[in-house]
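Below is one structure, written out as structure tokens, with a few remarks after it.
If you're wondering where the values come from, they're calculated on a predicted model, not measured in any experiment. All heavy atoms count here, side chains included; hydrogens, waters and symmetry mates do not.
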Amino acid sequence: MAKKTKTKKCGTYIGGQAVLNGVMMMGKTCMATAVRDNGGEIQVEAKRLKKSPALKKASKIPFVRGVVNLISSLILGTRTLMRSAAVYGDDEEEGGKIQKWLAEKFKVSVMDVLSTISMILGIVLAIGIFIFLPRFLSELIMGLIPEESAQSFVWLNYVLLGVFKLAIFLAYLGLILFLSDIRRLYQYHGAEHKTINAYEHGVELTPEKVKECSRIHDRCGTSFLFIVLFVNIVIISLVTWGFYELVPSVTNRFARFFINLGLELVLLPLIAGVSYEILKFLAKFDNKFVAIFKAPGMLLQKTMTTREPDEAMIAVAIAAFNKVLEMDNDESVEETAFITSGILSKMLEETKKKFTENGIDESDAEWIYSIVLGVKRSELKSERTVKPSESKKIQEIAEKRLTGRPLWYIIGDTEFYGCKIKVDERALIPRPETEILADSVVKSAEEGDRILDMCTGSGCIAVSVAKALRGKNVVVSAADLSDAAIMLAQENAKLNDVTVHFVQSDLFTNVRGRYNIIVCNPPYIKTGEIPFIQKEVREYEPRVALDGGEDGLEFYRRIARDVKSYLTKGGMLIMECGEGQTNEILQIFSKRDYAIVLKDLAGVDRFVKIVF
């Protein structure tokens, strides 16, 4: 659409405002704020608008609704700006000792404190610049007029007040343009207008096409600022004039100054109420008369409060606009939140609660925070602020975990007996108790031994044993039925810089030679129990590595038939087994010299060490 196009094809109730590095759009039922974060990605926070019954009622009362909307807009606008600042702000940990102290003592972040302080300072600054200063300057000039002649120039005080208010307002807008962040804010203001104009003119909402639209919009609040300013001057002038007509005894200029200041503050709700009703009335019309009132604001938009945005900024505005359309049209669309800094204890508790509600062990939440924050799980009790980049990683991992995918597949690796082991769906995730199996092999091995790891899976046992026995001149081999598992195990051997000889083999099928130690963690879950085990194990980990046959002992029987042919005299077989299986397994391996049963971390009989 060319900038001169005027014919509108569809209207919209959606309006917005620019925020730090983004745009907020508001619809009938929701609001959405889109911000481009430090990583260059667009984050969108969308919230449903929830008003109390009392507030809804007040919003319908003429003159009162203007005050309600003013206060609501002030609070909402400040919160939105601070929320956008939390995304756009420096990713480094801010505040140092102060931030840590706030987190530990009060469980609040610096951003929460800054939000409250900013709102208070904003109000104080607005009163100082736009109420106190023009009143002070007008009274200063009036002070040059002799008191005996002052009564004849009462009208001049009101004229000067209006002139100074307008001059200070324009000067303020002009001065803040020297700030780079403000100029960028005005670019996003332009992006907001272009997006709304594009939608109203039926233009496809793509950055390339929206860029051609006008950055000036007649519904912008800037267009009505002069009307509000005019209402302000008229009401203040009439009320102060009437007050001194009723109370003529107040002649001291110092007293009058503070009375005038007090009256202006008291009259703010009335000014807001009257201004809102006038603006609402004028908004019903689109003619040359109304255009006269809008013209100064339109000029102000063009020269000061909007700037030409780039396509990346327009993409942010489009994201916010589309989110509002989506949520207004579908009540089932859920709210979304920015990924920002937060207090560790609060965030961890929320994640644990969400995991528990979805049938996931809350310890997984602790592991996620521990890994992302680079601390031990025991150190999660120490309060701290979680940075936006950390919060983003935590949320990404947590969302994937909520799908049911095992945590360590999501992370991509895990620690096992001093080694980093890459893990994915090609093999089972190494369990902590299996480290006892690897440790038993290491402690049993002697100089020059040949060791075979059957059903190697990820290669965790073979790799960790080879690494632990480096220097003892041992030879480690590993076998698995799955080609994919063998590939993964080879990657882990390379990752840990160890030499392991791999062979694709169904137990002993392709194995050659004899070994001093054979270690094996075979499938031992009963076929009928597999549908009832944990979802993440059942649906994600390879079934071939789980299914041990009807009674879970199929692989042990097969190993028992051939193991002696592959062990040296006095050789050792070390195996992991399921809970309650050790007695049956020892019966299967009845032809042996001796056997030892080892317990796992929970004190359960879990391993058998058999010597032939």
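Around the CZ atom of Phe230, the shell of radius 6.0 Å holds no more than 12 heavy atoms that belong to other residues, nucleotides or ligands. Surrounding NZ of Lys352 are more than 12 heavy atoms belonging to other residues, nucleotides or ligands, all under 6.0 Å away. Residue-environment remark: NZ (Lys47) exceeds the threshold of 12 foreign heavy atoms within 6.0 Å. The environment of CD in Glu334 is sparse: at most 12 heavy-atom neighbours from other residues, nucleotides or ligands sit within 6.0 Å. At most 12 non-hydrogen atoms from other residues, nucleotides or ligands lie less than 6.0 angstrom from CE of Met487.
The structure places CG of Leu344 at 11.0 Å from CD of Glu349, a figure rounded to the nearest 0.5 Å. Atom CG in Leu546 sits 11.0 Å away from atom CZ in Arg538 (nearest 0.5 Å). Between atom CD1 of residue Ile368 and atom CD of residue Gln395 there is a gap of 11.5 Å, rounded to the nearest 0.5 Å. Here the CZ-CG distance, from Phe169 to Leu300, works out to 5.5 Å after rounding to the nearest 0.5 Å.
Of the candidates Tyr540, Trp367, Phe416, Trp367 is the only one forming a ring pair (Phe, Tyr, Trp, His ring centres under 6.0 Å) with Trp408. Across His217, Arg215, Gln301, a single residue satisfies side-chain hydrogen bond (donor to acceptor under 3.5 Å, both in side chains) together with His193, and that is Gln301.
No side-chain heavy atom of Asp361 sits under 4.5 Å from any side-chain heavy atom of Phe355. Side-chain contact between Glu277 and Arg65: present, with at least one pair of heavy atoms (C-beta onward) separated by less than 4.5 Å. By the 4.5 Å heavy-atom criterion applied to side chains, Ser389 and Lys392 are not counted as neighbours. Inter-residue side-chain proximity for Arg401 and Glu536 is flagged as met; some heavy-atom pair is nearer than 4.5 Å. In this structure, Asn197 and Val203 have side chains that are not in contact, with every pair of non-hydrogen atoms separated by 4.5 Å or more. Contact of the Ile525 side chain with the Asp547 side chain is not registered, since no non-hydrogen atoms from C-beta on lie closer than 4.5 Å. Side-chain contact check for Glu390 versus Tyr369: every heavy-atom pair is 4.5 Å or farther apart. Side chains of Cys220 and Glu192 form no contact here, defined as non-hydrogen atoms less than 4.5 Å apart.
Nearest heavy-atom pair, Phe338 versus Val35, reported as atom, atom and distance to 0.1 Å: CZ-CG2, 3.7 Å. Taking each heavy atom of Pro207 and Ile314 in turn, the nearest pair found is CA-CG2, 3.9 Å. For Ile196 against Gly15, the heavy-atom pair with the smallest separation is CD1-CA, 4.1 Å. Contact record, Ser391 with Val386: N-CG1, 3.7 Å, taken as the closest heavy-atom pair. Closest non-hydrogen pair, Ala489 versus Gly457, comes out as CB-O, 3.7 Å. Residues Lys28 and Asp328 come closest through the heavy atom pair N-OD2, 3.0 Å.
Residues passing the ring-ring contact (aromatic ring centres under 6.0 Å, His included) test with Phe130 are Tyr172, sequence neighbours excluded.
Within the structure, every pair that satisfies the salt bridge (charged side-chain N to carboxylate O under 4.0 Å, His left out) test and touches residues 402-413, not counting sequence neighbours, is listed here: Arg405-Glu425.
By the 4.0 Å N-to-carboxylate-O rule, Arg48 lies too far from Glu331 to be salt-bridged with it. At a threshold of 4.0 Å, the pair Glu308-Lys194 counts as salt-bridged, since one of the basic side-chain nitrogens sits closer than that to a carboxylate oxygen. Remark: Glu326 engages Lys323 in a salt bridge, criterion side-chain N to carboxylate O under 4.0 Å. Taking a cutoff of 4.0 Å between a charged side-chain nitrogen and a carboxylate oxygen, Glu204 and Lys209 qualify as a salt bridge.
Side-chain contact annotation: Ser345 with Glu383, donor-acceptor N/O pair under 3.5 Å present.
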